[in-house]
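Report on the structure given below.
Letters go in sequence order (proteins before strands), and every chain restarts at 1.
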Protein chains: 2
Amino acid sequence: MRIGELAERTATSPRLLRYYEEQGLIRVGRSANGYRDYDAALVDQVAHIRGLLDAGLSTRIIRQILPCLNEPSEIHFADATPDIIATLEGHRDRLAERIALLTRNHDAIAEYVGSLKQCALGVERAEVGSAA
Amino acid sequence: MRIGELAERTATSPRLLRYYEEQGLIRVGRSANGYRDYDAALVDQVAHIRGLLDAGLSTRIIRQILPCLNEPSEIHFADATPDIIATLEGHRDRLAERIALLTRNHDAIAEYVGSLKQCALGVERAEVGSAA
DNA sequence: TTTGACCCTCACATCCGTGTGAAGGTTCGA
DNA sequence: TCGAACCTTCACACGGATGTGAGGGTCAAA
């Protein structure tokens, strides 16, 4: 498919699809007239990339962890070098830390919201009471 | 304490401490000579803010969820308005989504790294074998 | 054949978090 | 008293993700 269709199907923009290509996040073909030609599988891949980007990862990091994420779950044997493994372990561990941090904050917000709703309920009851 | 000390104790820079103040993330006093004066509790608060920033949240969002996060766990009753509650619920839910996404990716990386290490081990054994 | 909707590249613009440095005031110890 | 080490404000710069638009090619339908 062409860039416009992929942009629409992934709720992004042509500009961003070109940017992701330039950053080495997606592989893109060309048709005879020079137009970019996107494989259907890219709909999911781009959605995946957008998720990671929205979660605050940089294109550099996404590029490094991308081989772990492709569906066919095939292992790239050339990746089994000590430094690549160390890099991935670093990303894995930092992700774990980030998840822990976000979880703590999520729980704090949830608890606070719970109290707030109790409080709002109390006020509401008080108002109804005085109105009656 | 003064800005230099807080910067050192939070591994940030004076520049950033002024920026966080400007963004309404921390409350800062002044001493007679015009120097900023930071409460000791800010060491933890700034560390907290840095964590959220590193996790990809914007100062705008951090400012909104900050009341949920302060330790004394006091409820600001004025916050019990429907729109504030709705905002916080939105942040809470988006945080939950983000955590889920990051967890999926973390697990995928962990699995991939596991396979790679198996693979590297195999190669090592093969090399030892052929050398012997 | 022309027109409109695509596509291309390139470049400049924006916002955000952060760095850097200039120009000047305060404080403290030699 | 002077100098070093702080602090102040202000402004410009940068990198990364994204928008916008100019100038020009391609293609299909009217």
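Between the C1' atom of D:dC6 and the CD1 atom of B:I3 lies a distance of 11 Å, rounded to the nearest Å. A straight line from CG of B:L17 to P of C:dG17 spans 15 Å, rounded to a whole angstrom. A straight line from CD of B:E8 to C1' of D:dC7 spans 16 Å, rounded to a whole angstrom. Atom CD of B:Q23 and atom P of C:dC16 are 8 Å apart (whole Å). As rounded to whole Å, 13 Å separates atom C1' of C:dG17 from atom CG of B:L57. Atom C1' of nucleotide C:dA11 and atom CD of A:E22 are separated by 13 Å, given to the nearest angstrom. D:dA17 atom P lies 12 Å from atom CD1 of A:I49, rounded to whole Å. Summarising the geometry, the separation between CD1 on B:I62 and C1' on C:dC16 is reported as 12 Å, rounded to the nearest angstrom.
In this structure, the side chain of A:S31 engages the main chain of A:Y35 through a donor-acceptor pair within 3.5 Å. Side-chain atoms of A:S115 come within 3.5 Å of backbone N or O of A:E111 as a donor-acceptor pair. For B:R63 (side chain) and B:S58 (main-chain N/O), no donor-acceptor pair under 3.5 Å exists by modelled atom type.
The side chain of B:R36 contributes an N or O atom lying less than 4.0 Å from OP1 or OP2 of D:dT9.
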Once each nucleotide of nucleotides 18-27 of chain D is scored for protein heavy atoms under 4.0 Å, what B/S/- sequence comes out, 5' to 3'? BBB----BBS
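Using a cut-off of 4.0 Å between Lys/Arg side-chain N and Asp/Glu carboxylate O, A:E21 and A:R36 are scored as salt-bridged. Ion pairing of B:R92 with B:E97 is absent here, as no side-chain N (NZ or NE/NH1/NH2) approaches a carboxylate O to less than 4.0 Å. Salt bridge status for B:E5 with B:R9: present, with a side-chain N to carboxylate O gap under 4.0 Å.
There is a side-chain donor-acceptor pair under 3.5 Å between B:R50 and B:Y20.
When every heavy atom of A:C68 is checked against every heavy atom of B:A108, the shortest pair comes out as O-CB, 4.0 Å.
Crowding of A:Q23 atom CD: a count of heavy atoms from other residues, nucleotides or ligands under 6.0 Å exceeding 12.
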Nucleotides 1-3 of chain C: which of its N/O atoms have a protein N/O under 3.5 Å away?
none

